Amino acid sequence: MHIVLDELKEVLPFESMVHPSIGNLRTLHALSLESPDRFWGEIANELYWSEKSGPVLRPTDVPPFGKWFEGWKTNISYNCLDRHLNTWRRNKVAYYWETESGESRTITYQQLSDMVNRIASGLKELGVRKGDRVTIYLPMVPELPASMLAVARLGAIHSVIFAGFTSQSLVDRLVDSQSRVLITADVAYRRGKKIGLKQIVDEALERTPFVRHVVVLNREGSSGTDAGKRNIPFSELMHMGKGRVSPEFVEGTHPSYILYTSGTTGKPKGATHSTGGYMLWTYYTQKVVFTVRDEEVYWCTADIGWVTGHSYIVYGPLLNGVTSILYEGAPDYPQPDRWWEMVERYGVNVFYTSPTSIRMFMKFGEQWPKMHDLSSIRILGTVGEPINPEAWKWYHAHIGAEKAVIVDTWWQTETGGIMISPQPGNHLVPLKPGSATLPIPGVDAEVVDEDGQPAKQGQKGFLVIKRPWPGQFMTLWGDDDRFRTVYFTKYPGMYYAGDYAVKDADGYFWILGRADEVLKVAGHRIGTVEIEDSLISHPAVAESAVIGRNDQVKMQVPVAFVVLRPGNTPSENLRSELLNHVKKTIGPIAVPDQLYFVERLPKTRSGKIMRRVIGAVVEERPIGDVTTLEDTTSVDEARRAYNELKNAMKS
Ligand code: WTA
């Protein structure tokens, strides 16, 4: 976050460069807000609905203040697949899949549809019906998008769990969604190594007796792992039932999926998305932001386990009949030109990745992309964290040959799809390195101060969305109260995004990073409290505080402070044990970069942990910086705690 702010100083005060195309975009934007029925109704006509009755948007008095396509009916898997089958796209490639070792498969829309129908048919035999939850815990294999679409075909609700999470995370999510069916694989491959997914699943299954069926994709070709009575090999599932299933047409507001994401408590939030509005949003944003043509190849490098993969590897591209790459593996395996070699081999035209990856490649050096012909690239996207202008320029120069359009896309798990971004497919506005530019039509975004008033130009404030948009999540699974409290109470009537932002003279948005206890580690979202809870669950730990330290490549890394229970002494062994404990309970992405043993944690008189103070110590910032917007601690109190912690770290 600091990276952007520092460089921003060079750009501030922002010079106005109002451009004719901004004018066009503003007209379009105004129309979308004033006549949502007309604007979105027209776009909705590009998709298939089995019924269209009632308005596109029905405003409501309670959050999220609107229901989209309530009286309309559709099926998202039908729109992703069947809709293309009566056209020439039937034999078009949907996915080019490949692994690190070079194993590969080319899957056409027809083939994907056959696979989805078979899976859906099997799931139906297992008793899966409209509204049931199915948890999917798979690596980046074609069976992952196919399973998601199969669940959606039945009108059931998928809950995909990133395969980098481990057993405790799996248990929490299975319990919350009460899934009776789980789809997984025996192993995942990464960096030439095997990761035993089924082992992790088996640990989780000991604590989730309500799971009735576990479908296992046996990649190692053995059924050795299928010891438990609940296991069904994936290949068997594909041959159960009739092999074809008619899509279940559901209401626009019927949930299509739950995706758990981190918040400020230890309990992950089950962001619950609609069918109609979400479908429209991913279809539309994919189209206007990425503008992939029929003869082109598109590659979003995210993992499907995160929202970027849901919206821009699965739904957005398939709804638009796009050809995508699905890659299971590390970006630098076996060497740092892996991605660029693939861009050249497939002739990738539109490429979407994270600022963390760009910074990692900057570190490897430009000799790696230089080894390959990247001239096919037309559009380069970024998502997940603020991109510092230096990385933006490197990406533009060394991957985009100074000619590609960079689309810096701001959005969140909760928003369903892209919200603030340049849109080459609408009207391309002049780009400014480090800014996501302007809200797309339908998005009424603003930067407000503590009181909810529009912040002054150039002044840091909080990002809010002032009215409903089609892609918005509908609630947090089973927790409407938390949904209202977290997102709609800070500023009544507005959606609080939890990000700091600043707006310049052209109305361009500059996103500055999270305003809460949520970390962005290499683009992955993880709550500090989740890591603290994991540490406290170890018998040697009495208390812990986790904060994010700025990192040149990953943007942030977690740093942990631990107070031990009496009878335990700090040691290197204990440190590794604790780090390993986090890895085993949450997953490798949550493992602290550093772990300090301290006698006590800095707290206010009322017992609240002073995270700002800890942050200042870790970043070696002066204490003055702790008096930020939301800090209620007295400066004296903070100074004392600061010095105490600093001394404790020295000893
Ligand atoms: C951050 C990822 C700056 C932001 C799609 C947000 C960004 C969080 C950008 C959501 C961007 C995402 N510029 N920051 N272009 N895109 N973020 O839910 O802090 O994993 O709140 O969704 O990522 O993370 P999530």
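Note that this is a predicted model, so its numbers are computed, not measured.
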* Dump the intermediate steps for side chain to side chain donor-acceptor pair (under 3.5 Å) on D176 and Y260, then the final yes or no. => CA-CA 10 Å; D176 194 76; Y260 288 91; 2.7 Å; yes
* List for me each residue that meets side-chain hydrogen bond (donor to acceptor under 3.5 Å, both in side chains) alongside R38, sequence neighbours excluded, and say none if there are none. => none
* To do: For S169, check side-chain hydrogen bond (donor to acceptor under 3.5 Å, both in side chains) against everything at least two apart and list the hits.
  => none
* To do: Please test M555 against V521 for side-chain contact (heavy atoms from CB on, under 4.5 Å), starting from the C-alpha separation and ending with a verdict.
  => CA-CA 6 Å; M555 178 162 149; V521 180; over 6 Å; no
* Asked: Is the closest basic N to carboxylate O distance between D449 and K456 below 4.0 Å?
  -> no
* To do: Mark yes or no for whether D593, through its side chain, and V559, through its backbone, hold a donor-acceptor pair below 3.5 Å.
  => no
* Asked: Is there a donor-acceptor contact under 3.5 Å from the side chain of N320 to the main chain of V322?
  -> no
* Asked: Are R173 and F165 in a cation-pi contact, defined as NZ or CZ under 6.0 Å from the six-membered ring centre and within 45° of the axis?
  -> yes
* Structure fact -> Closest heavy-atom pair, Q457 versus A505, reported as atoms and distance to 0.1 Å, is NE2-CB, 3.4 Å
* At their closest point, which heavy atom of P317 faces which heavy atom of S324, and how far apart are they? -> CB-OG, 3.6 Å
* What residues, two or more places apart in sequence or in another chain, satisfy ring-ring contact (aromatic ring centres under 6.0 Å, His included) together with Y487? -> F473, Y495
* To do: Report yes or no: does T415 contribute a side-chain atom to a donor-acceptor pair with the main-chain N or O of Q412 at less than 3.5 Å?
  => yes
* **salt bridge (Lys or Arg N to Asp or Glu O under 4.0 Å), paired with R525, selected from E414, E517, E385** => E414
* Asked: Are the side chain of W49 and the backbone of A44 linked by a donor-acceptor contact shorter than 3.5 Å?
  -> yes
* Asked: Are R359 and E390 close enough for a salt bridge, meaning some N to O gap below 4.0 Å?
  -> no
* Asked: Does the E530 side chain pair with the main chain of G266, one donor and one acceptor, at a distance under 3.5 Å?
  -> no
* Structure fact -> Closest non-hydrogen atoms of P422 and I406, given as atom of the first, atom of the second and distance, are CG-O, 3.8 Å
* To do: Using the test side-chain hydrogen bond (donor to acceptor under 3.5 Å, both in side chains), find all partners of H158 that sit at least two apart in sequence or belong to another chain.
  => Y315
* To do: Could you please spell out the steps behind the side chain to side chain donor-acceptor pair (under 3.5 Å) verdict for Y352 and T409?
  => CA-CA 10 Å; Y352 191 28; T409 65; 2.6 Å; yes
* Structure fact -> Taking every heavy atom of L25 against every heavy atom of H427, the minimum-distance pair comes out as N-CD2, 3.9 Å
* Mind checking side-chain hydrogen bond (donor to acceptor under 3.5 Å, both in side chains) for D479 and listing every partner two or more places apart, or none if nothing turns up? => none
* **Over-ring placement of K503 relative to Y508, 6.0 Å and 45° cut-offs** => no
* Asked: Would you say the side-chain atoms of S435 pair up with the backbone N or O of K432, donor to acceptor, closer than 3.5 Å?
  -> no
* To do: Just do the side-chain contact (heavy atoms from CB on, under 4.5 Å) check on T353 and T356 with the steps written out, would you?
  => CA-CA 9 Å; T353 195; T356 288; over 6 Å; no
* **Residue pair N550 / E619, side-chain donor-acceptor N/O under 3.5 Å** => yes
* To do: Output yes when a side-chain donor or acceptor of T528 lies under 3.5 Å from a complementary backbone atom of I547, and no otherwise.
  => no
* To do: Kindly determine whether E34 and R467 satisfy salt bridge (charged side-chain N to carboxylate O under 4.0 Å, His left out), including the steps that lead there.
  => CA-CA 11 Å; E34 280 152 27; R467 54 181 116 191; over 6 Å; no
* For K554, look at atom NZ and say whether over 12 heavy atoms of other residues, nucleotides or ligands are found less than 6.0 Å away. => no
* Using distance alone, with no hydrogens and no angle criterion, decide if D480 and T475 have a side-chain donor and acceptor under 3.5 Å apart. => yes
* Lys/Arg N to Asp/Glu carboxylate O, D533 vs K267, below 4.0 Å -> no
* Of Y283, W469, Y284, which meets ring pair (Phe, Tyr, Trp, His ring centres under 6.0 Å) against W40? -> Y284
* Side-chain donor/acceptor of T275 to backbone N/O of H254, under 3.5 Å -> yes
* All salt bridge (Lys or Arg N to Asp or Glu O under 4.0 Å) counterparts of K490, not counting sequence neighbours -> E450
* To do: Indicate the atoms forming the closest heavy-atom contact of Q556 with G548, along with that distance.
  => NE2-CA, 4.2 Å
* Asked: If we ignore angles and hydrogens, is there a donor and acceptor under 3.5 Å between the side chains of T437 and D408?
  -> no
* Audit row: K52, K73, side-chain contact (heavy atoms from CB on, under 4.5 Å) steps and yes/no -> CA-CA 7 Å; K52 295 178 181 178; K73 282 193 165 179; over 6 Å; no
* **Any donor-acceptor pair under 3.5 Å from S274 side chain to Y278 backbone** => yes
* What's the verdict on side-chain contact (heavy atoms from CB on, under 4.5 Å) for T285 and W411, showing C-alpha distance, side-chain angles and the deciding distance? -> CA-CA 11 Å; T285 49; W411 60 291; over 6 Å; no
* Asked: Would a line drawn from the ring center of F483 to the ring center of F488 be shorter than 6.0 Å?
  -> yes
* Is it true that atom NZ of K520 has more than 12 heavy atoms of other residues, nucleotides or ligands lying nearer than 6.0 Å? -> yes
* **Distance-only polar pair, side chains of W410 and D499, donor-acceptor under 3.5 Å** => yes
* Backbone N/O of S177 and side chain of R133: donor-acceptor pair under 3.5 Å -> yes
